[in-house]
2 protein chains.
Amino acid sequence: MSHRYLVLGLLSERPMTGYEIRKRVCETMSMIASPSYGAVYPILHRLLREGAVTMDVVEQEGRPAKKVYAITESGRDDFATWLRKPAAADQVRREFLVKVLFARDLDPEELTAHLRDRQAEVEGQIAVLEAVCSEPEAQANGYHALVIDYALALYRAELCWLDRVAQAVRAGELLQDALLLDPD
Amino acid sequence: MSHRYLVLGLLSERPMTGYEIRKRVCETMSMIASPSYGAVYPILHRLLREGAVTMDVVEQEGRPAKKVYAITESGRDDFATWLRKPAAADQVRREFLVKVLFARDLDPEELTAHLRDRQAEVEGQIAVLEAVCSEPEAQANGYHALVIDYALALYRAELCWLDRVAQAVRAGELLQDALLLDPD
DNA sequence: GTAAGCATGTAACTTGTTACATGATTAG
DNA sequence: CTAATCATGTAACAAGTTACATGCTTAC
């Protein structure tokens, strides 16, 4: 459901094509979503059917014609209503965590490998976010910057956790049952 | 996909019924997942069909008969293979974040309300995690405790972020475009 | 008596991914 | 000549939710 409103929100800034929407989301909002074309186009078709957007075919030479979608008053109302409704609660839900949960079945080296993989992934995400941060588009929109800051804060906290756990594994503190982690 | 392996992982500890599995996940692993019956039962049927588990009908007086599922060697192999594969990357993806992204369309009080809602939600989650932490089951399993600690670390980081943003809103630092948030 | 817990299940629906098809231009 | 970028779309599939149906027991 929130992909729909992400699309509508972006169109409330300016008219765009499906291709453009997807590109913008994947490049500057990848921490929130990375929808495929198979998600974006059907959403636009549906919004059009419902009258939340209008569509304008723009011929281009050289390139294929593009369909520019623009939000309508009714679309703005729909978006405004959604924006004011309380957000649904959602989980942390990472495949990575399920693997940690059953790490008693892994050798310490295998667990360490998972931790290292995740660390590389998180560091990569942080690098992407910092790059997005320094772009003019993100700096112009305080709320976009806010969301990036949120993701950075969580990723940095995760990095700390990964470090602590990697140390505990190295120290052999995590055996079959084990102790660990002073509560703060 | 990871629900399947969560089920298989739990069954690798001891035989259980679908009802039990769901209850245990929802009560002690709610930060990772809260599958509905409509998710759990079909997974078990499929695992049975594939030979990853066996099923034993146990009649009970008073209560309806229950179906106890136990993991097979083939199921253990399947699980062990999955456990060693690198985990898929996943996003932060919170509906809440999409609302923040478009908060320029909200009055400061409306944004504050969203922030407060989220704060209450996060504090509730932390309370649940701390309660689970103190149970003997979680303390006996170091890896379970580890996952709880992960979730706590992220939730606490989020709480800090929420605080910072709430303050910025109160101070009127978040207008149409706005500055904000010294990079660390 | 009524709500909650035990216990199983299915059907309809939603939301999304992957993989495919099409086809032109530009940069290496 | 090959890959990437622009640009649209569909079909098959995967994974899950919600809502329903059933039915018994125990605690308030």
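For the numbers below, each heavy atom of this structure counts, side chains included, while hydrogens, waters and symmetry mates do not. Every chain is numbered from 1, with letters handed out A, B, ... down the list of sequences.
The residue B/Arg22 sits apart from the nucleic acid: no heavy atom pair falls under 4.0 Å. Residue contacts for B/Tyr5: at a heavy-atom cut-off of 4.0 Å it reaches no nucleic acid atom on any strand shown. At a threshold of 4.0 angstrom between heavy atoms, the contacts of A/Ser34 are confined to the sugar-phosphate backbone, with no base atom among them.
The distance from atom OH of A/Tyr19 to atom P of D/dA4 is 12 Å, rounded to the nearest whole Å. As a whole-Å value, the separation of B/Met16 CE from C/dA7 P is 13 Å. Rounded to a whole Å, the CD atom of A/Glu59 is 12 Å from the C1' atom of D/dA7. Remark: P of C/dC13 and CZ of A/Arg46 are 13 Å apart, rounded to the nearest angstrom. We find that NE2 of B/His45 is positioned 9 Å from P of C/dT8, with the value rounded to whole Å. Separating the OH atom of A/Tyr69 from the P atom of D/dA7 is a distance of 13 Å, rounded to the nearest angstrom. A/Asp90 places its CG atom 13 Å from the P atom of D/dT17, with the value rounded to the nearest Å. Spacing between atom NZ of A/Lys23 and atom C1' of D/dT5 amounts to 8 Å, rounded to whole angstrom units.
A salt bridge links A/Glu20 to A/Arg14: one of the charged nitrogens lies within less than 4.0 Å of a carboxylate oxygen. At a threshold of 4.0 Å, the pair B/Asp149-A/Arg164 counts as salt-bridged, since one of the basic side-chain nitrogens sits closer than that to a carboxylate oxygen.
Without hydrogens or angle criteria, B/Glu27 side chain to B/Arg24 main chain gives no donor-acceptor distance under 3.5 Å.
A cation-pi arrangement is absent between A/Arg104 and B/Tyr143, since the terminal nitrogen or guanidinium carbon is not both under 6.0 Å from the aromatic centre and inside a 45° cone about the axis.
In terms of position on DNA chain D, the residue among A/Arg63 and A/Met55 whose nearest nucleotide sits closer to the 5' end is A/Arg63. With the nearest nucleotide of DNA chain C identified for both A/Pro35 and A/Pro64, A/Pro35 has the one nearer the 5' end.
Within the structure, every side-chain polar atom (N or O) of B/Ser36 is placed at least 4.0 Å from both OP1 and OP2 of D/dT18. Phosphate contact (OP1/OP2 of D/dG16, side-chain N/O of B/His3, threshold under 4.0 Å): present. Neither OP1 nor OP2 of C/dG9 sits under 4.0 Å from any side-chain N or O of B/Tyr41. Contact check, A/Lys67 against D/dG9: a side-chain N or O comes under 4.0 Å of OP1 or OP2. Put simply, A/Gln60 has no side-chain N or O that comes within less than 4.0 Å of OP1 or OP2 on D/dC6.
With no hydrogens or angles considered, a side-chain donor-acceptor pair links A/Glu158 and B/Tyr150 at under 3.5 Å.
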